[in-house]
*Asks:* 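Below you will find the structure I want to go over with you.
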Amino acid sequence: LQVFDDEGKDVTPHPLFHSDPKAVVPRQGKLLASSAHFGATGSGTYGSSSTSISNTSTTESILDETVEPGSRRDTTVSLSDVQGRQEEIEELLTKDDLDRSVDIYLTETETIWILDMPSVAVSVESEDAGRIQERNRIYADICKNRPGNDRFVEKMMQTINGAAKNKEVQCDQIIMEDKGTTVTSWDLYNSFNVLKIKPTSKAEGSRATAGRSSKPHTTKEHDQIMSVSSDRGSTSSSTMISGSSVLARNHEEEEYHSEVILTSEKFQQDLFFMERILMENIFQPKLAAYRQFPVLIDPDVTSDTSRKVAAVKEAKEKEHGKEKKDKEEQKEAFIDPSILSDVNKILEEIVPPSLERLWSYACDLTNGHSVSSMAWSKVNPDLLAVGYGAFDFKEQKKGLACCWSLKNPMWPERIFRCEHGVTALDFSMASPSLLAVGMYNGSVAIYNVRSCNDAALLDSSESSNKHTGPVWQLRWVEQDRSATGDSKTERLICISADGRITEWLVHKRLDCTDLMKIKRTESKKKKLPDEKERKSEALISQQAAGMCFDFHPKDTNFYLAGTEEGHIHKCSCSSREQFLKTYRGHKGPVYKVAWNPFSTDMFLSCSADWSIILWHQDSQTPLLTFSSTTAVVHDVMWSPKSAFVFAAAKESRVEIWDLSVSILDPVISYFASPREKFTSVLFATNTDCLLVGDSNGEVGVFELQNLAALNSNKVQLTR
């Protein structure tokens, strides 16, 4: 076969191996019958034993190893060729060679790996087991500490670079200025170490500067002056080393000095006194009206007013002349002061009673929180505790309990933050600094108002018998004196929506016992003549949710409890199983019951059925029902100065009722703004003022004007 290119040249490849035709090429086969001639030249490459073998096996092994790889293609060998080649080989060997023993060594060749897949598991007994276990532990620690570790950086690879964008910015021309200064080696030293020096006061800084300046310098050091300047238009701006270091050091010293002054106790006390003085100056007329004191007039304002009046009089004198002025002076001289006082009394009788708003307890912290309850301190009549929390389940959020002082109506003195909405609170009588707070989740906490720490002193979270529903009302009640003699003991009573009235024991921790479990009562309905008896429906819960309570003002062994059913139960602390009486008159939940402080047989109740009912404890039927508007009545309270006056908080307005004047309409009605609802009322203990809480977190202080305080001896007449 020949290969020619396009030009006709012979480009056939030449073989790389040329075999010698005279050389004898033995071929592998097992047709050799005798192999005695190969005794001297046989040496194999397989095995490891030294033996004397037969001629046949020796011949076969020699033939197998001496054959070349290229000759293995010829697999068919004739018998005549084998015999001829055997004769040629026998001529080469002598008899001695055939009789001699031949040693054959068998060795193993190197293993050839066609596919190598290393294992991912290592035996525990191997030499590298310890090293691999240590590497696995280090890798696990690195993966565990990977978040936030600086050694790991998450990058996205093989991303396409975005197209370049050209942006142009217009700005004012940069004005370059040349500035220069001279510095010494000591200025350079101070500038270099200015960051290492701690900020000190001005006195210490001056002493340190004096110490440095007293250090002796050589003439050579004083002569080392360096001038730093730059030409106009150069891009590198000049730096003032000494000036910047001195300014930085002075600025740090001033900041440190001002911080020390602001955090000092003396400065905080001075700020407190200054705040008190400013509040008294701002609210002086309002506070005077609250305490029923005469209002002081600013002398500067008085002088300005008198000047204006004098100017007006001078103008009138010029217009009408001196004669008219004399006549007016004569008329004023003949007026009797007693007549003026009688006129004032008549005017007071003619003017109807009203509410005048003085101020509001409100701040940014209470904005948006609904006022749920209010309570005066038993010792300090100027200290008011206000609880903030929503009554609706859908509007629940974190609650607040704030203590407001009359000396600062703009910010509370104490702020206690609660995890749940505050529903009730009250001050202790035995320990006036303790404030009990009830919350929407059923927990009860006691705070110390003397401490600036807002953490609870005691909490019912660890109590196993705590309430499972909202605590709608709580109160500190003094135990009857006849039970313990001269000593007084105080109890903390709570009523909750889980149907329990509990007494809390205040020791190292809060724990409670049940005074009463309010059971549901079936409503008594009159049967018609033809009406058949119906089967009683099964109740979902055997206990009724408690809403409010009030202890008798004289005998603390008896108390009233209002329920969600609309019933009012008269209970005794001695009997925990049965009610003494049940008053049925409301069609909705009873939100408040209140004994009359003067006529202790009478009590009021308000409900969600828009009505206020006056009861007598000996009669289970209502005496009077007050329903002036179709709105829910959230709160009601008797006046501490009159047996006939009480206040009621409805959603749309606040009403003041005077039973000696009218039993049909309130004497005062104060309407709320469209975006607010009144939630609670509280009379001041020492003045004729009323506090009203609303749904926006404000507690308005109102003065009762022209409302005559009736004497308590008229109670017998009303009976």
Side-chain angles (χ1 to χ4, degrees), residues 372-373 375 387 391 422-429 436-446 458-461 463-480 483 489-507 510-521 539 541-584 586 589-595 603-607 615 617 635-636:
S372 59
S373 58
F391 296 107
V422 176
T423 54
L425 49 78
D426 190 26
F427 276 104
S428 172
M429 291 180 287
V437 176
M439 303 178 194
Y440 191 84
N441 68 332
S443 60
V444 177
I446 296 178
L458 294 174
D459 193 357
S460 64
S461 59
S463 176
S464 60
N465 200 21
K466 61 183 180 180
H467 290 290
T468 58
V471 178
W472 291 123
Q473 189 175 356
L474 58 79
R475 182 176 297 179
W476 296 89
V477 180
E478 285 188 348
Q479 192 174 2
D480 194 0
T489 57
E490 195 175 33
R491 300 178 296 171
L492 179 61
I493 309 298
C494 298
I495 189 169
S496 174
D498 59 1
R500 294 191 300 151
I501 302 175
T502 57
E503 176 185 355
W504 291 86
L505 305 176
V506 182
H507 295 295
L510 282 178
D511 199 3
C512 66
T513 58
D514 292 339
L515 283 182
M516 175 68 71
K517 290 184 177 180
I518 306 174
K519 298 180 181 179
R520 291 186 179 271
T521 58
L539 299 177
S541 175
Q542 295 295 332
Q543 295 182 358
M547 302 299 295
C548 57
F549 71 92
D550 192 19
F551 276 78
H552 197 274
K554 290 185 178 180
D555 190 359
T556 56
N557 191 39
F558 300 99
Y559 61 91
L560 299 171
T563 64
E564 192 178 19
E565 298 176 300
H567 301 158
I568 302 172
H569 304 291
K570 184 179 180 181
C571 309
S572 174
C573 295
S574 303
S575 177
R576 301 185 179 183
E577 299 295 333
Q578 294 180 354
F579 305 130
L580 300 181
K581 288 183 181 179
T582 299
Y583 304 92
R584 294 178 174 88
H586 289 291
V590 179
Y591 288 149
K592 188 67 176 293
V593 290
W595 289 98
F603 64 90
L604 279 174
S605 64
C606 66
S607 172
W615 302 84
Q617 67 172 350
D635 196 4
V636 67

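Throughout, residue positions are numbered sequentially from 1 according to the sequence presented.
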*Asks:* Can Ser496 and Trp472 be counted as having a side-chain donor-acceptor contact under 3.5 angstrom?
*Replies:* no
*Asks:* Quick one: CD on Glu503 to CZ on Arg491, what's the gap to the nearest 0.5 Å?
*Replies:* 5.0 Å
*Asks:* Could you measure the distance from the SG atom of Cys571 to the CZ atom of Phe579? Nearest 0.5 Å is fine.
*Replies:* 5.5 Å
*Asks:* Quick one: pull up OG in Ser461 and CG in Asn441 and give me the separation to the nearest 0.5 Å.
*Replies:* 9.5 Å
*Asks:* Determine the minimum heavy-atom distance between Val636 and Cys606, stating which atoms define it.
*Replies:* CG1-SG, 3.9 Å
*Asks:* Side-chain contact test, heavy atoms from C-beta onward, threshold under 4.5 Å: evaluate it for Lys581 versus Tyr583 and give yes or no.
*Replies:* yes
*Asks:* Let me see the working for Arg475 and Asp550 under salt bridge (Lys or Arg N to Asp or Glu O under 4.0 Å), right down to the final yes or no.
*Replies:* CA-CA 9 Å; Arg475 182 176 297 179; Asp550 192 19; 2.5 Å; yes
*Asks:* Report the residue from Glu565, His567, His569 that forms a side chain to side chain donor-acceptor pair (under 3.5 Å) with Thr582.
*Replies:* His569
*Asks:* I'd like to know if the side chain of Glu564 and the backbone of Ala497 have a donor-acceptor N/O pair within less than 3.5 Å.
*Replies:* no
*Asks:* Decide yes or no for Cys494 and Trp504: does some side-chain heavy atom of the first lie under 4.5 Å from some side-chain heavy atom of the second?
*Replies:* yes
*Asks:* Would you give the length of the straight line joining atom OG1 of Thr502 to atom CG of Leu492, rounded to the nearest 0.5 angstrom?
*Replies:* 7.5 Å
*Asks:* Using a 4.5 Å cut-off on heavy atoms from C-beta on, say whether the side chain of Leu604 contacts that of Trp615.
*Replies:* no
*Asks:* Under 3.5 Å, is there a donor-acceptor pair between the Glu478 and Thr556 side chains?
*Replies:* no
*Asks:* Would you mind reporting whether Leu505 and Leu510 have side-chain heavy atoms less than 4.5 Å apart?
*Replies:* no
*Asks:* Give a yes or no on whether the backbone of Lys466 and the side-chain of Ser460 come within a donor-acceptor separation of less than 3.5 Å.
*Replies:* no
*Asks:* Consider only side-chain N and O atoms of His467 and Ser443, and report whether a donor and an acceptor are under 3.5 Å apart.
*Replies:* no
*Asks:* Distance from Arg576 atom CZ to Asp514 atom CG, nearest 0.5 Å?
*Replies:* 7.5 Å
*Asks:* Determine the interplanar angle of the Tyr559 and Phe551 rings, folded into 0 to 90°, and report it as parallel if under 30°, tilted if 30 to 60°, perpendicular if over 60°.
*Replies:* tilted
*Asks:* Side-chain contact test, heavy atoms from C-beta onward, threshold under 4.5 Å: evaluate it for Trp476 versus Val506 and give yes or no.
*Replies:* yes
*Asks:* Do the side chains of Ser607 and Tyr591 get nearer than 4.5 Å, heavy atoms only?
*Replies:* no
*Asks:* Looking just at side-chain N and O atoms, do Asn465 and Ser463 make a donor-acceptor pair shorter than 3.5 Å?
*Replies:* no
*Asks:* Are Gln617 and Lys570 linked by a side-chain donor-acceptor pair shorter than 3.5 Å?
*Replies:* yes
*Asks:* In Å, rounded to the nearest 0.5 Å, how long is the span from CD1 of Ile493 to CD1 of Ile495?
*Replies:* 11.0 Å
